[in-house]
Each structure stands twice: as structure tokens, then as C-alpha cells.
Number of protein chains: 2
Amino acid sequence: MKQYCKFESALDILIGKWKPVILLQLISNGTMRFSELLKAIPDINKRMLTQQLRELEYNDIVHREVYNQVPPKVEYSISEYGQGLSKVLQVMNDWGEEHIEHMESLYGPEEKSE
Amino acid sequence: MKQYCKFESALDILIGKWKPVILLQLISNGTMRFSELLKAIPDINKRMLTQQLRELEYNDIVHREVYNQVPPKVEYSISEYGQGLSKVLQVMNDWGEEHIEHMESLYGPEEKSE
DNA sequence: CAGCATCCAGACGGATACTG
DNA sequence: CAGTATCCGTCTGGATGCTG
């Protein structure tokens, strides 16, 4: 009865407006500095980036490497363990793709003004 | 570059505090009436249930069968199309389970007072 | 019985300024 | 450079009451 309830835990990792984008960046680019992430994700700001990064870090999805030097340098990367999330993302991505098509067949193509 | 972005669409379907629980109920019990869902999910209220159900319905995940009679009767079930979500849920569930263990090995067992 | 309307609280996301 | 602190607006979720 409880067998499906665990998947909420997975959900917790992914929810947060920027988690997906951050993960995407780190997956495709490997190690990235704080400022690189900031540049790569135009609409995010420092507070948000820090916050989401901290949560991902707490969950051991991303690794945070601090260089004690001036100027400061901090690098982020997907942790060994975090790699396992990729396949979950892949499944969700595949389904999401199908789903978009399905929605279009129901409601017609979205006119994304944005 | 955009290949992973679609999985946000999948995320959209699942986010919403009660979507997981509702899906779980409908998956395990098949067709259910509005009031049955209400009883099965103790902490939800009518407004919430209606709202989340509507979203799932819009996305063609659940099917809504209205019987025009007095007293009213409305039955909900996972749609043909919605079945496809089960495997996604399964993957997320599996990962979520691993993840819980992983977290425990890092931070020790959670003392869920709730 | 099913569900909509109203009102409300708290969480989440965002802009900006300050710090080591 | 890489954050933290503060403040504020929006959005989501929740309690309650009314309706067909």
C-alpha cells in the first residue's frame, strides 16, 4: 500500500523552479563554477542559485568543491551518486515528450508567446 | 541542448501536493467516487481534491465519468493514456527508495515525529 | 453528493544591498 | 568571486460556507 509513496521523495529532489535547469547544466557541462552557472542560466539570481544548490548538495546530488584562495573559487559538479538520477530524468523526459504530443493532439499546438 | 528540458513537463503533472496520493489511490483501487477519494485521503478537503483532480483531468491522466442523477455521482479513474505514467512513477519510486537509504547512510535514520 | 466562491496563511521565488 | 541578509510580491494550498 505504501509502495508508491516513496516516489514523493524523488519528487522532493526535483521540485524547485531551478533544479531541473541546474542539473541539466551540470550534466552536460560537467564541473562548473558558481559564476559560470550564473551566466549559463540567465534568469536566475545569486540567492536562488545558492539556495537550490544547497538543497541539491544536501541530498548529495551535487558535489561542492571549495578552493580557499583569493579570489574565492567554488566548483560544482554532479556527484557520483547523483549520476544515478540521470536515468530517472531520462525516463521523465521521454514521457514528458510523449505527453507534449498527446496534449497537442488534444488541445492543438501551444502558442507559447514567451 | 534542449533534450532534457522536456522532463519539466512531466514534473508539471506530478507536482501539486496531492497528485501523488490521488494517483496512488486510483492506481490501486481503480474507479473511485469523489466521496471515496475524500475518505481515502484523510487530510485532504473538497476544494483541494477538486482542484487537483481537474488538473489531472485536463492532462488526460484521469477520466471523469459524470452520472446525471440525484444524488449526483461522479467516478474517477486512471485514463487509458494515464496508465503510461505508472512506469514513470515506478522508476521514480525505485530511485526514491534507494535515495532514502542513501540519505540514512549519510545523516542517520530520520526520526519522523509525524 | 459534488463542487464552486471567498478569504486567508505560509511557502516559494525574486531584487537588492552588504560581506569576507 | 561567492556568497549572506533583508524585504517583498506571488502563488499554492487550506478552512469554511453556499449551491444545484
Side-chain angles (χ1 to χ4, degrees), chain A residues 5 8-26 29-59 61-77 113-114, chain B residues 5 8-26 29-59 61-78 114:
Chain A
C5 294
E8 297 189 357
S9 316
L11 224 38
D12 280 343
I13 314 304
L14 281 337
I15 56 178
K17 185 166 181 181
W18 301 102
K19 302 258 180 71
V21 205
I22 294 172
L23 258 13
L24 165 62
Q25 287 295 328
L26 291 177
N29 300 332
T31 302
M32 291 179 80
R33 299 186 56 170
F34 187 83
S35 50
E36 288 178 322
L37 280 165
L38 217 47
K39 271 180 293 179
I41 311 171
D43 294 332
I44 205 173
N45 61 48
K46 287 190 281 189
R47 195 186 81 90
M48 278 300 102
L49 183 54
T50 307
Q51 179 182 298
Q52 308 273 305
L53 241 18
R54 285 285 131 71
E55 293 181 28
L56 291 169
E57 189 194 349
Y58 177 85
N59 288 299
I61 307 300
V62 306
H63 174 68
R64 181 165 177 260
E65 185 77 36
V66 184
Y67 299 83
N68 262 326
Q69 59 180 52
V70 184
K73 177 177 160 188
V74 181
E75 286 184 338
Y76 293 90
S77 55
S113 52
E114 173 209 9
Chain B
C5 295
E8 298 189 355
S9 316
L11 224 40
D12 280 343
I13 315 304
L14 281 338
I15 56 179
K17 185 166 182 182
W18 301 104
K19 303 256 179 72
V21 204
I22 294 173
L23 257 13
L24 166 62
Q25 287 296 328
L26 291 177
N29 300 331
T31 301
M32 291 179 80
R33 300 185 55 170
F34 187 83
S35 50
E36 288 178 322
L37 280 165
L38 217 46
K39 272 180 294 181
I41 311 171
D43 294 332
I44 206 173
N45 61 47
K46 287 190 283 189
R47 194 184 83 88
M48 277 300 102
L49 182 55
T50 307
Q51 179 183 299
Q52 308 273 304
L53 240 17
R54 283 288 130 71
E55 294 180 26
L56 291 169
E57 190 194 348
Y58 177 85
N59 287 298
I61 307 298
V62 307
H63 174 67
R64 180 166 178 260
E65 186 76 36
V66 185
Y67 298 83
N68 262 327
Q69 61 181 51
V70 184
K73 179 175 159 187
V74 181
E75 286 184 340
Y76 293 91
S77 55
I78 301 280
E114 172 209 12

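Lettering of chains follows the sequences in order, A, B, ..., and the numbering in each one begins at 1. These numbers come from the heavy atoms of this one structure, side chains and all, not from hydrogens, waters or symmetry mates. Given the structure is predicted, the values throughout are model-derived calculations rather than measurements.
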Quiz item: Does a nitrogen or oxygen in the side chain of Ser35(A) sit under 4.0 Å from OP1 or OP2 of dA2(D)?
Solution: yes

Between [X] ([atom1]) and [N] ([atom2]), how many Å, whole number?
| X | N | atom1 | atom2 | answer |
| --- | --- | --- | --- | --- |
| Asn45(B) | dG17(D) | CG | C1' | 12 Å |
| Arg54(B) | dG13(D) | CZ | P | 16 Å |
| Leu49(B) | dT12(D) | CG | C1' | 16 Å |
| Asp43(B) | dG14(D) | CG | C1' | 11 Å |
| Ile15(A) | dC11(D) | CD1 | C1' | 14 Å |
| Glu36(A) | dA2(D) | CD | C1' | 13 Å |
| Trp18(B) | dG13(D) | CH2 | P | 10 Å |
| Ile44(B) | dT16(D) | CD1 | P | 16 Å |

Quiz item: Taking any atom under 4.0 angstrom from a heavy atom of chain A, which nucleotides of DNA chain C are the first and last to qualify, 5' to 3'?
Solution: dG13(C) to dG20(C)

Self-check item: Pro72(B) vs Phe34(A), nearer the 5' end of DNA chain D by closest nucleotide
Solution: Phe34(A)

Quiz prompt | Side-chain-base donor-acceptor pair under 3.5 Å for Arg47(A) and dG3(D) | solution = no

Quiz item: Any donor-acceptor pair under 3.5 Å joining the side chain of Lys17(B) to the base of dG13(D)?
Solution: no

Quiz item: How would you label the contact of Glu55(B) with the nucleic acid (heavy atoms, under 4.0 Å): base, sugar-phosphate, or nothing?
Solution: nothing

Exercise. Would you indicate what Tyr67(B) reaches in the nucleic acid, counting non-hydrogen atoms under 4.0 angstrom: base, sugar-phosphate, or nothing?
Key: nothing

Of all heavy-atom pairs between [X] and [Y], which one has the smallest distance, and what is that distance?
| X | Y | value |
| --- | --- | --- |
| Met32(B) | Leu37(B) | SD-CD2, 3.8 Å |
| Lys46(A) | Leu38(A) | CG-CD2, 3.6 Å |
| Trp18(B) | Gln52(B) | N-OE1, 3.4 Å |

Quiz item: For the atom pair CE (Met48(A)) and NZ (Lys17(A)), what is the distance rounded to the nearest 0.5 Å?
Solution: 9.5 Å

Self-check item: Nearest to side-chain heavy atoms of Lys46(B), which nucleotide of dA15(D), dT4(D), dC18(D)
Solution: dC18(D)

Quiz item: Strictly by modelled atom types, are Tyr67(A) and Glu75(A) linked by a side-chain donor-acceptor pair under 3.5 Å?
Solution: yes

Practice problem: Could you give me the CA-CA distance, side-chain angles and deciding distance for Gln25(A) and Asn29(A), then say whether side chain to side chain contact (heavy atoms under 4.5 Å, CB included) is met? | Solution: CA-CA 6 Å; Gln25(A) 287 295 328; Asn29(A) 300 332; 3.0 Å; yes

Quiz item: Under 3.5 Å, is there a donor-acceptor pair between the side chain of Asn45(A) and the main chain of Arg47(A)?
Solution: yes

